[in-house]
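Note that the structure is a prediction, hence the values are computed from the model and not measured. In what follows, chains carry the letters A, B, and so on, assigned in the order in which the sequence lines appear, proteins first and then strands, with residues in each chain numbered from 1.
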Amino acid sequence: MFFGTHCSENSKSSGAFTNFAHVQHIFNAMDYNHNEIDKKWQQIWAEKGTYHAPNSSEQPKFYVLDMFPYPSGAGLHVGHPLGYIASDIYGRYKKQKGFNVLHPMGYDAFGLPAEQYAIQTGQHPEKTTAINTSRYREQLDNIGFGLDWSREFKTTDPAYYKWTQWIFIQLFDAWYDQSNDKSRHINTLIDHLNKNGTEGLRAAETETLELTAAQWNAMSEKEQSEVLLNYRLAYRSESNVNWCPALGTVLANDEVKDGMSERGGHPVVQKQMMQWSMRITAYADRLLEGLDRIEWSNALKETQRNWIGKSVGAALFFDIKNYPGQIEVFSTRPDTLFGATFLTLAPEHELVDAITTDEQRAAVAAYKERAASRSERDRMADTKTISGCFTGAYALHPINGTLVPIWIGDYVLASYGTGAVMAVPAHDSRDYAFAKYFNLPIVEVVEGGDIALESYDAKSGKMVNSDFLNGMDCMDAKGKMIAHLEQIGYGKGATQFKLRDAIFGRQRYWGEPIPVYYDNGIPRTLPLEDLPLTLPAVDAYLPTEDGEPPLARAENWTYNGLPLETTTMPGWAGSSWYFLRYMDAHNDAEFAGKASTQYWNQVDLYVGGSEHATGHLLYSRFWTKALYDLGHINFDEPFKKLINQGMIQGISAFVHRINGTNTFVSAGLKDQYETHPLHADVAFLQGDELDVEAFKNWREEYTDAEFILEEGKYYCSREVEKMSKSKFNVTNPDEIVSKYGADVLRMYEMFLGPIEQSKPWNTQGLSGVAGFQRKFWKLFHMGGAFNVSAAPAEKKALKAVHSCIKKVSEDIENFSFNTSVSAFMIATNELTDLKANNRELLEPLVRLIAPFAPHLAEELWEKLGEMGSVTHTAYPKHNESFLIESSKNYPVSFNGKVRFQLELPLDMAKDAIEKTVLEDPRTVEQIGEKQVRKMIVVPGRIINIVIG
RNA sequence: GCCUUGGUGGCGGAAUUGGUAGACGCGCUGGAUUCAAAAUCCAGUUCCUUCGGGAGUGCGGGUUCGAUUCCCGCCCAAGGUACCA
């Protein structure tokens with residue numbers, strides 16, 4: 001047979017070997033024909049359902065999961081499988097360790113790219129989604145993942161989103177009871193209101209309501225429904241939203257980055273709208289607490305903690321001079337109350353107009369207008385400029401009654417806390433800057449800084465100028481002040497969160513319809529038997545002329561003649577619970593059967609990117625907790641252990657065009673001209689050298705391009721960037737697979753470095769792993785034939801194999817896959833040197849490498865004459881007795897510097913070692929005229945002699 | 001600014017509780033093989049060196065017989081977050 005497998009020419013894709021027929025050479029059993037072997041085993045696995053995991057088993061369970069991929073039109077690049085390979089290795093390892101391993105895969109297929117494409121082409125997004133998912137599937141299959149494909153689904157399948165809608169309804173029918181610290185069915189709230197009104201009610205709410213039972217019972221159904229929306233976990237309210245005009249939809253906070261939409265980078269503005277939201281803030285404390293019970297990276301936990309942003313302090317009330325109301329402020333530093341020399345309100349604060357004096361009215365109005373005209377983005381971009389305006393009004397200090405001027409300033413945000421702060425310029429840098437700018441008094445109340453120069457923000461120091469707090473440590477003073485304020489009725493302990501409720505409705509087509517209809521303005525949910533509420537056909541995937549979402553275009557978008565909700569769910573809805581569906585993916589009666597969720601329980605190992613820290617990973621924790629509270633599942637954290645895989649970056653290539661010409665200059669000469677860099681496709685490069693012809697044929701505009709060469713070659717400059725189609729630096733895994741085989745891709749991606757680290761994709765090292773695979777295969781062959789000896793192995797070889805077993809097993813447990821690959825290389829090199837081909841050595845080695853290189857392992861397993869799949873065999877255990885050494889080559893140091901080595905028996909006593917070392921002529925030479933001050937002998941480790 | 005994670009040869013990266021820094025791989029250099037090349041195999045490869053040694057894990061200190069590892073103070077990079085009171 002003729003193949004071109006080992007040729008080094010850059011072939012583009014599978015089946016391309018005819019392109020380099022000139023380097024074909026004769027194949028024999030010595031060679032590993034990866035194309036044939038990969039396909040053979042992938043087919044056998046699929047036919048036999050090798051990776052199918054039953055929903056009950058004698059074996060302990062293990063649930064491994066990769067973050068839900070969004071199947072984009074670009075297909076997979078080599079960065080995507082990094083995490084999948086790691087989870088696959090771990091899952092296969094666990095399976096060989098005797099676990100019933102669930103490792104499923106599916107697609108998060110609702111979302112903007114498919115919809116944008118639909119808008120451009122008029123094609124139903126369903127079509128592109130189907131094309132993209134099958135492409136993903138094909139690429140995943142090529143890598144040989146041990147996935148249980150019988151559980152595959154897409155979020156866009158009505159059979160799946162039926163249950164996404166059902167969960168929405170559960171959340172709509174729930175409220176958060178703070179007295180029990182859990183969500184409960186809305187009927188329990190209605191009971192409470194019927195009997196007691198809001199008296200004794202402690203609930204997560206949009207605003208605080210005070211109702212007597214009589215008032216509640218006197219309300220119309222519609223009025224009552226509005227009251228209930230104040231408490232439901234899925235609720236509708238008039239709220240300030242991030243509106244993205246370019247996308248024509250609202251976005252959640254985590255979908256906005258630097259005032260721009262995360263997808264597409266379009267400007268986002270603030271707007272008041274009636275919106276569906278999710279009351280995630282009800283869970284703020286539990287989302288924080290749960291972090292202590294899960295094994296996630298510190299960085300990720302910190303990101304979530306920052307996002308939730310809990311601050312503990314006090315609510316304080318200031319009376320206003322000549323005005324009946326009070327101003328409530330939130331402060332984390334009530335201990336500094338005696339240093340509060342003014343109050344600052346957000347320009348939008350509701351009391352501003354009421355308290356402003358006539359003299360200041362014009363100035364305040366002008367300032368308010370100015371502040372309102374500045375977008376959120378401008379305010380963010382420009383935090384250095386200090387601005388504000390005095391209202392003319394004064395508050396009264398709650399303790400000593402002194403007059404405190406009330407200012408407005410846009411450094412105070414209306415949306416956080418009460419939209420008002422007590423300004424303590426001596427101990428808050430923002431207040432300090434404001435006070436300096438407007439020449440307001442600064443009073444030091446905590447010792448430790450120099451307030452003439454800057455504010456002293458640190459939370460330590462003794463209190464001064466603070467009446468009854470003087471001399472106390474400020475952190476102790478904080479508690480005392482709160483107690484005092486509570487006593488005099490001017491404050492209480494309070495907690496604030498940065499976390500906002502999540503906007504849930506999207507003015508888009510390609511999402512799950514929200515299963516709600518409006519009965520005389522009252523939102524009602526569809527009964528289970530009418531789910532799923534499937535996406536209707538529309539004539540265009542655009543808003544209607546009067547700005548209604550696309551679903552408003554659908555004919556008869558009604559339920560029993562009543563209008564249905566026209567917004568759809570956000571991208572994160574379907575991905576917030578998919579890990580539960582995999583447990584029982586085809587259940588038509590429930591979102592997942594109780595027996596299945598109890599058996600599979602939490603995801604034991606979750607692998608994915610850290611970019612989901614404040615979105616998906618927070619929302620799934622929230623839904624899991626809510627489903628737990630409502631009794632649907634029996635665990636309240638979805639992902640027990642999480643590993644963040646790093647990003648694989650691309651190394652972009654640039655050509656340099658001389659400005660205003662079609663002439664390109666090689667990288668080394670570019671500084672001699674005025675040039676502009678342009679991306680060139682990395683496929684045209686061999687090293688840094690550009691294939692000029694390929695480049696010319698790339699695009700019409702380059703056909704006539706001219707090139708200024710260096711030594712007859714055109715070199716590109718290189719830069720590490722995010723791997724992306726638009727940067728032409730993408731490497732497709734299929735290319736690697738067809739050229740080197742799936743196992744080489746798998747091992748190379750692992751060999752690249754620690755899984756958590758980001759690193760550029762560099763194909764140079766691939767040949768090393770390919771060479772290893774060939775060498776490994778050759779251990780089993782001699783003179784062209786499979787050749788494994790039944791004779792017992794020699795000691796050295798046994799030691800090589802068993803130390804490899806030990807190292808690899810430990811490494812897998814520590815997710816240190818790069819060092820496992822090294823360990824395989826070391827063992828293979830040693831066995832090659834020893835010319836060892838004993839079955840006793842090679843058989844366990846095949847089982848050991850199976851998680852990393854499953855195709856290779858299966859093929860060798862079959863050749864060894866073993867029955868069944870190697871994935872069903874036990875993972876090898878090392879035998880410590882093969883590893884025991886009898887002697888140690890001691891490094892002998894003088895003053896910490898190694899001078900020579902000395903081979904000594906390991907069981908030699910300390911004083912005997914000292915004696916031997918001191919008698920050694922090399923020791924005598926090192927000591928020379930000097931004295932031995934001290935001698936350190938650590939048996940089995942080192943010998944150090946201190947001389948001087 | 002704050003939080004988190006990092007910083008080791010030409011490159012990707014190793015190094016157990018503090019105990020021979022640079023495993024493994026790439027690249028490079030020399031050699032074998034070849035008409036020649038590719039592939040393969042062998043040897044070498046942290047830097048400096050007067051060939052005795054000396055320096056060396058971002059920088060400066062410290063603890064220790066001994067520090068990539070522990071402590072203190074800085075610098076730099078990546079990611080997250082930001083008038084959050």
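- OP1 or OP2 of B/U5 sits under 4.0 Å from a side-chain N or O of A/N298.
- Minimum atom distance to the side chain of A/I936 is reached by B/C65, of the listed B/U20, B/C83, B/C65.
- Atom OH of A/Y740 and atom P of B/A39 are 10 Å apart (whole Å).
- For A/K799 and A/E885, the salt-bridge test passes: some basic side-chain N is under 4.0 Å from an acidic carboxylate O.
- Figure legend: A/R621 and A/W307 shown without cation-pi pairing, the cationic atom not lying both under 6.0 angstrom from the six-membered ring centre and within 45 degrees of its axis.
- The side chain of A/A299 lies closest to B/U4 when the candidates are B/C65, B/U4, B/A21.
- At a cut-off of 3.5 angstrom, the base of B/U16 holds no donor-acceptor pair with the side chain of A/E810.
- Counted by atom type alone, A/N944 and A/S893 present zero donor-acceptor pairs between their side chains at under 3.5 Å.
- Nearest nucleotide to the side chain of A/K934, out of B/A21, B/C65, B/A85: B/C65.
- Between B/G79 and B/C24, the two P atoms lie 33 Å apart (nearest whole Å).
- If you take atom P in B/C59 and the same atom in B/G10, they sit 14 Å apart, rounded to whole Å.
- Of the listed nucleotides (B/C3, B/G53, B/C65), B/G53 has the atom at the smallest distance from the side chain of A/R899.
- A sub-4.0 Å separation between OP1 or OP2 of B/U40 and a side-chain N or O of A/R774 is present.
- Within the structure, every side-chain polar atom (N or O) of A/N829 is placed at least 4.0 Å from both OP1 and OP2 of B/C24.
- Aromatic ring pairs are classed by plane angle as parallel below 30°, tilted from 30° to 60° and perpendicular above 60°; the pair A/F772 and A/F776 is tilted.
- The side chain of A/V946 sits closest to B/C65 out of B/C65, B/G25, B/A85.
- Screening A/T828, A/N829, A/T832 for a side chain to side chain donor-acceptor pair (under 3.5 Å) involving A/K775 leaves a single residue, A/N829.
- Annotated as anti: B/G44, whose glycosidic dihedral deviates from 0 by more than 90°.
- For B/G13, the OP1/OP2 oxygens have no side-chain nitrogen or oxygen of A/S822 closer than 4.0 Å.
- In this structure, B/G9 shows a glycosidic angle within 90 degrees of zero, which is the syn conformation.
- Listed nucleotides B/A85, B/C83, B/G13 differ in distance to A/N818; the shortest reach to its side chain belongs to B/G13.
- Contact between the side-chain N/O atoms of A/K759 and the OP1/OP2 oxygens of B/G12 is not found at any separation under 4.0 Å.
- Checked by atom type, the side-chain pair A/T916/A/Y890 shows no donor-acceptor distance below 3.5 Å.
- Of the candidates B/G13, B/G25, B/U81, B/G13 carries the atom nearest the A/P754 side chain, counting heavy atoms from C-beta on.
- Remark: A/Q757 is in phosphate contact with B/G13, judged by side-chain N or O atoms under 4.0 Å from OP1 or OP2.
- Checking B/U81 for Watson-Crick or G-U wobble geometry (two distances, each under 3.5 Å) identifies B/G1 as its partner.
- Of the candidates B/C65, B/A55, B/G27, the closest approach to any side-chain atom of A/K897 belongs to B/A55.
- With B/C83, B/A14, B/G12 as the candidates, the nucleotide lying closest to the side chain of A/Y411 is B/C83.
- Applying the Watson-Crick and G-U wobble criteria (two distances, each under 3.5 Å), B/C41 pairs with B/G31.
- Comparing B/G80, B/C26, B/U20 by their nearest atom to the side chain of A/Q764 picks out B/C26.
- The nearest whole Å value for the distance from the CE atom in A/M935 to the P atom in B/G66 is 16 Å.
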